[in-house]
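Everything on this sheet refers to the single structure shown next.
A quick note: this is a predicted structure, and the numbers were derived from the prediction, not measured. The analysis underlying the following values was restricted to heavy atoms, covering all of them including side chains, and did not include hydrogens, waters or symmetry mates.
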Amino acid sequence: MNKPICILTPTCTLGYGFDPEALARGMSLRPDVIAVDAGSTDPGPHYLGSGEPLVSRFGIKRELTQLIKAACAAKIPLIVGSTGGAGTRRHVDDVAEIAREVGRENGLTFKLAKIYSDIPSEVVAAAVRKGEVADFEAGVALSEEVALASETIVAQMGHEPIVEALEQGAQVIIAGRACDDSVIAAFPIWKGADPGLAIHMGKILECGAFSAEPHGTDVMMAFVDDHGFTLEPGSVNRRASLTSVAAHTLYERENPFLQAGPGHQLDLSECAFEQINERQVRVTGSRFSATPDYWVKLEGARCVGYRSISIAGVRCPTMISRIDQLLEDAKRNALAYFARPSLKIHFHLYGCNGVMGALEPVKGNVPHELGLIIDVVDSEQQDAHAAAHFISGSLLHVSWNGQFNTAGNLAFPYSPSELDAGPVYEFSAYHLMKVASATAHFPVQIEVVA
């Protein structure tokens, strides 16, 4: 490379916000590309199954407007990966429409690329039959029946489909589900950067300034050269440190040295981190090796029912002292009353063990109040609602020995006391699928926005 390639990542997730001053300063450093991740499986399978966006349309458009205007003014590409949260076809189409609106409303002309990542369930089922699907973190083998029952299945693309869009002259790329680091690494790899360095850099940058101190949803920069890369926050009020950068290298990794991705593996065992000044850290030593076969991660979701919840506070000390037995009785009575195998009832007790459940290490602590969530799932929304109301009403009026208050046991913050949360999805696929090539299942569509 004749000069280092500069990458600007504005935030950890498109729609989560960034400091406009940090963006302005970052753009003053003349980046060669703006690249941002927009999704994850961290929020669960709902957005994959429903096609609803992870963040609001308002937030996406507000930030996409700033980024498209900045990219067009600098004549550099903008790359968005895992669009809309889960990267489904619906997400890609919806965000591409927002990009068109931004272009029309601001008098901008640019070449727009859409990259889809949806995999037909029939294709996945066929791969299962051929023995070309392996478990990733699901803990069970994927069956043809489960694959065909999935509402949506996407695959994580690597950098190659994004490079294909860049080859076709795309300036704004709206990509479906993508491996987080590949979104950030695609442009420098296209320009000849070492893939090991570029992908390691992408791993650190994909969460924006979470690799800085203080961390936050903000701008992070990288400068990639032939021998390593240098990291720097966009904001002068943040700094990159050895701890913050090395820690993010280990983020979401079981093995500190080997990192697998689509069609490759990174070896980080020889990495070196150097604090070159107060705000910058340099990284060297990342090594890339291609795998013999190309595997992509599948993410699928299927609907398993409908949820209704009821939220209530418990302040009575005698009720708190026997809450476990009262909840057990309420659940048993509801299951007998409705007599439906599809009915699922869970309680969450905040102030006791609402976060960690049975893994809570603090035992025997008696709180002065509890936050209770009655969580009901059934095959139909009206059935879930009915059961949730039955349980909240039962607990509201239940009696026990030593009770002082008989006027109502629960404090409801909302009316109605039951809230319908809609369809419930579970991950049906969290597996790896062998593919013929890196781009076979990720079609690129190009159009001109004017």
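For Ser117 (side chain) and Gly87 (main-chain N/O), a donor-acceptor pair under 3.5 Å exists by modelled atom type. Although no hydrogens or angles enter the test, the distance criterion places no donor-acceptor pair under 3.5 Å between the side chain of Arg62 and the main chain of Gly17. Not a single donor-acceptor pair under 3.5 Å links the side chain of Arg302 to the backbone N or O of Glu151. No donor-acceptor distance shorter than 3.5 angstrom exists from the side chain of Thr217 to the backbone of Cys12, with no hydrogens or angles considered. Between the Gln259 side chain and the Gln265 main chain, no donor and acceptor come within less than 3.5 Å of each other. With hydrogens and angles disregarded, no donor-acceptor distance shorter than 3.5 Å links the side chain of Asp180 to the backbone of Val183. Checked by atom type and distance alone, the side chain of Thr13 never pairs as donor or acceptor with a backbone atom of Ala38 at under 3.5 Å. In terms of modelled atom types and a separation under 3.5 Å, the side chain of Ser308 and the main chain of Asp420 share no donor-acceptor contact. Between the side chain of Glu447 and the backbone N or O of Leu112, no donor-acceptor pair lies under 3.5 Å. Under a 3.5 Å cut-off, the side chain of Gln381 and the backbone N or O of Gly422 do form a donor-acceptor pair.
There is no side-chain donor-acceptor pair under 3.5 Å between His248 and Ser211. Using modelled atom types and a 3.5 Å distance limit, the side chains of Asp329 and Gln325 yield a donor-acceptor pair. For the residue pair Asp93 and Tyr116, a side-chain donor N or O sits within less than 3.5 Å of a side-chain acceptor on the partner.
Side chains of Val296 and His441 form no contact here, defined as non-hydrogen atoms less than 4.5 Å apart. Ile60 places a side-chain heavy atom less than 4.5 Å from the side chain of Val55. In this structure, the side chains of Leu343 and Leu335 come closer than 4.5 Å at one or more pairs of heavy atoms. Counting only heavy atoms from C-beta outward, the side chains of Asp135 and Val140 never approach each other to under 4.5 Å. Side-chain contact between Asp37 and Thr9 is absent, with no heavy-atom pair separated by less than 4.5 Å. Between Asn409 and Leu326, the closest side-chain pair of non-hydrogen atoms is not below 4.5 Å. Residues Glu418 and Ser392 form a side-chain contact, since some pair of their non-hydrogen atoms from C-beta on lies under 4.5 Å apart. Between Leu48 and Tyr425 there is no side-chain heavy-atom pair separated by less than 4.5 Å.
Between the CD1 atom in Ile391 and the CZ atom in Phe347 there is a gap of 5.0 Å [rounded to 0.5 Å]. Distance CG/Asp218 to CZ/Arg238: 4.5 Å, rounded to 0.5 Å. With rounding to the nearest 0.5 Å, the separation of CG in Leu23 from CG in Leu8 is 6.0 Å. To the nearest 0.5 Å, the span separating NZ on Lys331 from CD1 on Ile374 amounts to 12.5 Å.
For Glu254, the CD atom is loosely surrounded, since the number of other residues' heavy atoms within 6.0 Å does not exceed 12. Within 6.0 Å of the NE2 atom in His348, the count of heavy atoms belonging to other residues, nucleotides or ligands exceeds 12. Under a cut-off of 6.0 angstrom, the local environment of NZ in Lys61 is crowded, with over 12 non-hydrogen atoms contributed by other residues, nucleotides or ligands. With a 6.0 Å radius and a threshold of 12 heavy atoms from other residues, nucleotides or ligands, Gln382 has its CD atom at or below the threshold. Within 6.0 Å of atom CD in Glu21, 12 or fewer heavy atoms from other residues, nucleotides or ligands are found, so the atom counts as exposed in its surroundings.
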- Item | Stepwise side-chain contact (heavy atoms from CB on, under 4.5 Å) check, Leu372 with Leu349 | CA-CA 5 Å; Leu372 170 65; Leu349 275 176; 4.0 Å; yes

- Task: Evaluate side-chain contact (heavy atoms from CB on, under 4.5 Å) for Val449 paired with Val102, printing each intermediate quantity in order.
- Result: CA-CA 10 Å; Val449 174; Val102 171; over 6 Å; no

- Task: Check the pair Leu64, Val80 against side-chain contact (heavy atoms from CB on, under 4.5 Å), reporting the backbone distance first and the verdict last.
- Result: CA-CA 9 Å; Leu64 204 56; Val80 180; 4.2 Å; yes

- Query: Run the side-chain contact (heavy atoms from CB on, under 4.5 Å) check on Leu258 and Asp267 step by step: do they pass?
  - Reply: CA-CA 5 Å; Leu258 300 178; Asp267 183 348; 4.2 Å; yes

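The shortest heavy-atom contact between Ser121 and Ala147 is CB-O, 3.2 Å. Scanning all heavy atoms of the two residues, the minimum distance from Pro10 to Ile34 falls at CD-CG2, 4.0 Å. Taking each heavy atom of Ala127 and Met433 in turn, the nearest pair found is CB-SD, 3.7 Å. Considering all non-hydrogen atoms of both residues, Arg322 and Asn401 come closest at NH1-O, 3.3 Å. When all heavy atoms of Trp400 and Val398 are compared, the pair lying nearest together is CZ3-O, 3.4 Å. Residue Leu268 comes nearest to Pro256 through the heavy atom pair CB-O, 4.2 Å, listed as atom of the first residue, atom of the second, then distance.
Between Arg340 and Glu380 there is no salt bridge, since no side-chain N of the basic residue sits under 4.0 Å from a carboxylate O of the acidic one. Ion pair Lys203/Glu206 flagged as a salt bridge, since at least one NZ, NE, NH1 or NH2 atom sits closer than 4.0 Å to an Asp/Glu carboxylate oxygen. The pair Arg100-Glu97 counts as a salt bridge, with a side-chain nitrogen and a carboxylate oxygen less than 4.0 angstrom apart.
Partner Ser82 forms a side chain to side chain contact (heavy atoms under 4.5 Å, CB included) with one of His91, Gln156, Met157, Arg177 and no other, that one being Arg177.
Between Phe210 and Tyr251, the distance from one ring center to the other does not fall under 6.0 angstrom.
Between Tyr430 and Phe136, the ring-plane angle classifies as tilted under the 30° and 60° cut-offs. Using cut-offs of 30° and 60° on the angle between ring planes, the pair His385 and His389 is parallel.
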